Structure formats: structure tokens, C-alpha cells
Amino acid sequence: DTAVSQTPKYLVTQMGNDKSIKCEQNLGHDTMYWYKQDSKKFLKIMFSYNNKELIINETVPNRFSPKSPDKAHLNLHINSLELGDSAVYFCASSQDLTSFENTIYFGEGSWLTVV
Amino acid sequence: GNSVTQMEGPVTLSEEAFLTINCTYTATGYPSLFWYVQYPGEGLQLLLKATKADDKGSNKGFEATYRKETTSFHLEKGSVQVSDSAVYFCALSVPYGNNRLAFGKGNQVVVIP
């Protein structure tokens with residue numbers, strides 16, 4: 001069983017469209033994250049949720065809206081897609097917010113290409 | 001702030017060569033340190049970690065020692081294989097930081113048969 005699974009793995013879409021990426025974890029973790037990896041492979045946190053509550057919102061354009069219907073799911077919706085949104089988006093989870101020494105588990109990534 | 005610096009540029013080496021990837025950090029508080037690996041077309045996997053000074057993390061023949069005095073966490077492997085070709089990321093997490101990982105820029109490692 002995949003611990004952190006995200007769909008779709010590949011997504012090609014036109015500028016101006018709205019798209020969503022879904023993420024689910026079956027580890028029983030309280031905390032989930034979205035990270036963005038740009039074309040130079042640089043990784044940066046976008047959001048984190050703890051028990052459905054938004055904790056980190058890292059100056060991401062408000063076209064990006066995360067939604068956590070329960071603590072096992074964290075979806076990412078992107079409105080009015082722009083060329084610069086092309087990236088790999090990684091979902092991740094960890095036991096909780098406070099155990100900073102614990103491992104953060106990543107999904108396999110969603111490769112988004114905006115044309 | 002918290003940041004991680006990895007040596008510039010890709011690393012190309014022959015099979016069975018010795019690999020070192022340098023990683024130094026700046027952190028508020030006492031961080032935990034991680035190495036993640038990304039194989040071609042795949043997601044991030046934890047390779048190893050260390051949570052206090054002088055700890056050595058190890059996995060799959062890779063090792064890294066948490067050096068507080070030099071604020072470093074260099075990754076080493078004694079004899080690389082073609083299957084080790086991947087991108088390697090050093091990262092840290094600090095207390096009271098809401099568990100956010102700060103990543104280095106990553107190093108592409110290419111092992112030639």
C-alpha cells in the first residue's frame with residue numbers, strides 16, 4: 001500500500017484552466033503538506049495542515065487553494081493556471097507538527113505542465 | 001533564517017568510485033538533518049537522517065555525520081553503483097518550525113558504468 005498517494009501523476013493543461021491535485025495518506029498522520037519543485041529542482045513548502053487546520057501558507061498566490069476534508073486528505077486546487085505554475089507538486093505527511101525530528105513522507109509527485 | 005547549502009553542480013563519477021556531497025546549514029535552534037533522494041521520474045524518499053550532534057545516519061551504504069562544530073552533514077558512499085544515479089537533497093527541520101523542511105538545491109549524481 002502506498003503511504004502517500006497523489007493523483008494525477010501527470011497533468012498537461014492550457015493556460016487559464018482550473019485544475020486539482022488530490023492527496024491521501026494512510027499513515028494515520030496528523031499533518032500534511034504541499035511542496036513545489038521548480039524546473040531547477042528547487043523544493044519549497046507551499047502549505048501545511050494539521051488536523052484539517054491551515055498552519056503554513058507560504059506566500060503562495062491566492063489562485064492556489066488547499067482543502068483538507070479530513071486529516072487523511074489534502075487537495076490542491078489551482079485557478080487560472082499560468083505558465084509559471086508548471087512544476088512538480090509533492091504532497092507529504094508527518095506524524096504531527098511538533099516532532100521535527102520525525103520523517104516526513106512524500107508522495108510520488110504530480111508533474112503539472114501548463115501550455 | 002534556516003537554510004541549507006549544497007555544493008554547486010552535478011556530480012559525475014565512475015562505478016565503484018567514492019562519492020561525497022557536501023552540505024552545510026544555518027539554523028535557529030538545534031535542527032534535525034536529513035538526506036532525501038529522488039530517482040529519475042520518481043518522488044522523494046528519505047535516505048537517512050540524524051537528530052543530534054555526532055549522530056551518524058546510514059542507509060544503503062550511504063552515511064552522513066551530524067557535525068555541529070562545522071554545521072555540516074556531508075553525504076558519503078564508498079563505492080557507488082549505476083543505480084545510485086539520482087538527485088540528492090540535504091534538508092533540515094528545526095524545533096517550533098511547524099515541521100517545515102528547508103531543502104538545499106540538490107545535486108544530480110550520474111554514475112557511469
Side-chain angles (χ1 to χ4, degrees), chain A residues 2-10 21 23 25 27 29-51 53-60 74 87-111, chain B residues 1-6 8-11 21 23 25 27-53 55 57 59 66 73 86-110:
Chain A
T2 305
V4 181
S5 57
Q6 49 185 114
T7 55
K9 183 162 184 176
Y10 299 102
I21 306 171
C23 179
Q25 54 94 3
L27 296 166
H29 288 167
D30 287 345
T31 309
M32 295 185 72
Y33 312 81
W34 280 108
Y35 280 80
K36 180 180 179 181
Q37 184 177 45
D38 64 22
S39 58
K40 296 185 179 177
K41 301 265 186 205
F42 186 62
L43 280 150
K44 193 163 191 276
I45 193 166
M46 300 173 69
F47 301 103
S48 74
Y49 270 73
N50 188 64
N51 273 323
E53 180 188 352
L54 178 66
I55 302 298
I56 294 174
N57 182 343
E58 198 73 357
T59 59
V60 177
L74 179 62
V88 184
Y89 293 87
F90 286 101
C91 180
S93 74
S94 66
Q95 186 67 54
D96 53 43
L97 267 184
T98 57
S99 306
F100 70 98
E101 68 279 4
N102 283 353
T103 300
I104 294 179
Y105 295 86
F106 285 81
E108 293 197 338
S110 295
W111 270 253
Chain B
N2 303 312
S3 65
V4 175
T5 302
Q6 290 182 235
E8 290 289 330
V11 178
I21 305 176
C23 170
Y25 67 88
T28 53
Y30 200 138
S32 286
L33 303 172
F34 305 84
W35 276 100
Y36 280 84
V37 59
Q38 185 177 23
Y39 297 103
E42 296 186 15
L44 288 162
Q45 303 173 27
L46 178 71
L47 182 60
L48 53 85
K49 69 179 186 182
T51 59
K52 58 182 191 295
D55 267 3
N59 186 24
Y66 189 144
F73 192 54
V87 182
Y88 293 81
F89 295 92
C90 187
L92 68 81
S93 179
V94 296
Y96 310 111
N98 287 328
N99 250 0
R100 77 179 69 200
L101 280 171
F103 283 92
K105 291 188 175 180
N107 285 104
Q108 174 84 53
V109 171
V110 177

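Model, not experiment: these values are computed from the prediction. A note on names: the letters A, B, ... follow the listed sequences, proteins ahead of strands, and every chain is numbered from 1.
- To the nearest 0.5 angstrom, A:F42 atom CZ is 9.5 Å from B:F89 atom CZ.
- Atoms CD and NZ, from B:E42 and A:K9 in turn, are 6.5 Å apart once rounded to the nearest 0.5 Å.
- In A:E108, the CD atom is not crowded: 12 or fewer heavy atoms of neighbouring residues, nucleotides or ligands sit closer than 6.0 Å.
- Chain B forms the most heavy-atom pairs under 4.5 Å with one residue out of A:D96, A:T103, A:I45, and that residue is A:T103.
- A:Y35 places a side-chain N or O within 3.5 Å of a backbone atom of B:L101 that can act as its donor or acceptor partner.
- Contact check for B:L46 versus A:Y105: no side-chain heavy atoms found under the 4.5 Å cut-off.
- Note that the NZ atom of B:K105 and the NZ atom of A:K41 stand 15.5 Å from one another [nearest 0.5 Å].
- Interatomic distance, CD of A:Q37 versus CG of B:L44, reported as 6.5 Å (0.5 Å rounding).
- Heavy atoms of B:Q38 lying under 4.5 Å from chain A belong exclusively to its side chain.
- The contact between B:K49 and chain A is made entirely by side chain atoms (from C-beta outward), counting heavy-atom distances below 4.5 Å.
- With values rounded to the nearest 0.5 angstrom, B:N99 atom CG is found 5.0 Å from A:I104 atom CD1.
- Looking only at heavy-atom pairs under 4.5 Å with chain B, the residue among A:V88, A:I56, A:V4, A:N50 that has the most is A:I56.
- Neither the backbone nor the side chain of B:Y39 has a heavy atom closer than 4.5 Å to any heavy atom of chain A.
- Between chain A and the options B:L92, B:L33, B:V94, B:T51, the largest number of non-hydrogen pairs under 4.5 Å is found for B:V94.
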